[in-house]
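Since this is a predicted model, take the numbers as computed values, not measurements. Just follow the structure's listing: the first ligand is 1, and inside any ligand the first atom is 1.
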Amino acid sequence: MSPTRVAVIGSGPSGAYTAQLLTEESESPVEVDVFDRLPTPFGLVRYGVAPDHPRIKSIITSFTDVFEETPGLRFLGNVEIGRDVSLDELRTHYDAVVFAHGAPHDRRLGIPGEDLGGISAVREFVSWYQGHPDQSVDAFLLEGGRRAVVVGVGNVALDAARMLVREVPDLRATDIPEHVVEAFAASTIDEVVVIGRRGPGYAKFTNKEFIELLEVESTDVLIDPADLEFDADQQAFVDADPAARRLVSTFQKAAERGSLGRAKTIRFLFDRTPVEFVGENGAVTGIRLARTSDPTVTETLDVDLALRSVGYLGKPLDGLPFDERSGTIPHLDSRVAEGDDVVPGVYVAGWIKRGPNGVVGTNRKCALETVTSILADVAARGGASTSTSAADVDVVLRERGVEVVDWAAWRAIEAAEIAAGAAVGRERIKLHRREDMLRAASPAPEYAGA
Ligand SMILES: Cc1cc2nc3c(=O)[nH]c(=O)nc-3n(C[C@H](O)[C@H](O)[C@H](O)COP(=O)(O)OP(=O)(O)OC[C@H]3O[C@@H](n4cnc5c(N)ncnc54)[C@H](O)[C@@H]3O)c2cc1C
């Protein structure tokens, strides 16, 4: 019987888990091609998870083992689905196509002044410090300003706040590019204000992330004790939620600790709704806030840099249904669907399926649901495959001159990153220009004739 062939779009956690589980769970032979628009695998584990979180980044080691040790599994980096290859073409070459391409956009606040210079989505800031090839080197100049605000109280907001106050030796222990280390070294920002729309009891970041902030030695973390006096609703919410109770208890300790006279400050403002950004000569100079519980009480903070951290968002792909409100692809049991009609052979996994929530491991459970549906559909067809072969896909890519980065080529990029680090006494430095990655990759032999 010819193998079932599956294309997985995206090599982030949901794509990697889908590929792994397909090969583990299938009782008949299966071949999986994992595509990524970037020359590098692992999605937001490489370009999202904070560089000073090495323990979580180490999931890369187990994904690497999967790619290296699973027969019939290929990585095809630097191939953008929707640009280099269409969905219709994929459907002729594969029995199943899984969209696991994440949520590459962001929600806006929808308030006046949001397009002023100096205001960005936290996604752009994260991409910049992570050396994402789509982000320009000088996207963030941190010299000259004093105060940054981060609007939002999720883990990503805390990552951004923490990175803004990290000391240079800590940064040099990570793999972020040298131009980013230099920009942070030149930073004059000494206060970061984190703004939450509701009270502290509803904050979305974890206790662990908040404790990590308290451990940054250069920085005071300030919580106003008055914010910890809850109304009945907030108190009931906290009482009912163990995670919120733990966090509030840590907030209380932070409020008691107060200022230790440190060089930098991260200050939390809760119960504040941003109503407007104000600016001069096209650049932000302030943010106007209203008390959420009493909108007649307003204040304006001077601001030099503003990051909105109110959620990542999926984007539509040609030929696929899309739910604009949730920013996800609608599905029935992971099968892409328009209303009650399933699009045959097309599936979803990860953030594009369920929205931007959960930790890396959440994508494993999500991918397992997807794999279960795929294998049920394969079984219902009696295992018959209607796909073409891996060689046919390679011909299409070669004819189009797509410079495919296969697994060996990615390992060459990795080696170049380790060599770049060694040259300046760091463990590793990410290559951040696509052309440098492709040069380090040098084309895989089967694509060399393109
Ligand atoms: C800033 C940040 C920090 C985080 N920190 C943590 C943390 O500390 N701990 C934790 O557990 N979780 C963390 N997460 C969450 C975790 O990263 C996500 O749960 C996970 O990455 C989602 O996986 P995914 O595969 O759905 O999407 P992604 O990881 O985004 O992967 C999608 C992949 O698809 C590719 N792609 C997109 N479009 C195309 C296309 N057209 N063709 C081909 N390929 C395409 C992208 O290049 C990308 O590689 C963090 C997330 C963010 C944003």
Under 4.0 Å between a Lys/Arg side-chain N and an Asp/Glu carboxylate O for [X] and [Y]?
X: E417; Y: R46; result: yes
X: R335; Y: D377; result: yes
X: E31; Y: R74; result: no
X: E403; Y: R434; result: no
X: D392; Y: R5; result: no
X: R108; Y: D115; result: yes
X: R172; Y: E178; result: yes
X: E89; Y: R400; result: yes

One residue to check: [X]. Relative to ligand 1, which of side chain, backbone, both or neither has a non-hydrogen atom less than 4.0 Å away?
X: P41; answer: neither
X: I9; answer: side chain
X: I56; answer: side chain

Mark up the atoms of ligand 1 that fall under 4.0 Å of a heavy atom belonging to [X], in ascending order.
X: H53; value: 8 (O)
X: A100; value: 32 (C), 34 (O)
X: V49; value: 3 (C), 4 (C), 5 (N), 6 (C), 7 (C), 8 (O), 13 (C)
X: G48; value: 1 (C), 2 (C), 3 (C)
X: V156; value: 1 (C), 2 (C), 52 (C)
X: G350; value: 26 (O)
X: G43; value: 29 (O), 31 (O), 48 (C), 49 (O)
X: D159; value: 3 (C)

### Query
How are the rings of W407 and F42 set to each other: parallel, tilted or perpendicular (split at 30° and 60°)?
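Taking F42 first and then W407, their aromatic rings stand perpendicular (interplane angle over 60°).
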Would you say [X] has any N or O atom under 3.5 Å from an N or O of ligand 1, going by distance alone?
X: N363; answer: yes
X: R37; answer: yes
X: D36; answer: yes
X: V45; answer: no
X: F42; answer: no
X: Y312; answer: no
X: W351; answer: yes
X: V360; answer: yes

### Query
Sub-3.5 Å donor-acceptor pair from the side chain of T23 to the main-chain atoms of Q20, do we have one?
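Yes, the answer is positive, given that a donor and an acceptor are paired below the 3.5 Å cut-off.
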### Query
Any side chain to side chain donor-acceptor pair (under 3.5 Å) pairs touching residues 183-197, not counting sequence neighbours?
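Side chain to side chain donor-acceptor pair (under 3.5 Å) check on residues 183-197 returns R146-D190, R147-E191, E191-R267.
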### Query
Quick one: which of I329, T370, T328 gives a side-chain contact (heavy atoms from CB on, under 4.5 Å) with K353?
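The residue from I329, T370, T328 that satisfies side-chain contact (heavy atoms from CB on, under 4.5 Å) with K353 turns out to be T370.
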[X] heavy atom under 4.0 Å from ligand 1:
X: P13; value: yes
X: N155; value: no
X: G358; value: yes

### Message
Under a 3.5 Å threshold, yes or no: a donor from one side chain and an acceptor from the other, between D333 and S373?
### Response
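No, no side-chain donor-acceptor contact under 3.5 Å.
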### Task
Would you mind checking which non-hydrogen protein atom is closest to atom 31 (O) of ligand 1, with the distance to 0.1 Å?
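Protein heavy atom with the smallest distance to atom 31 (O) of ligand 1: G12 CA, 3.5 Å.
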### Query
Can you find a pair of side-chain heavy atoms, one from Y47 and one from P133, that are under 4.5 Å apart?
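Yes, close enough: below the 4.5 Å cut-off.
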### Message
For atom 25 (O) of ligand 1, which of the options S14, A7, S127 provides the nearest non-hydrogen atom?
### Response
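Of the listed residues, S14 has the closest heavy atom.
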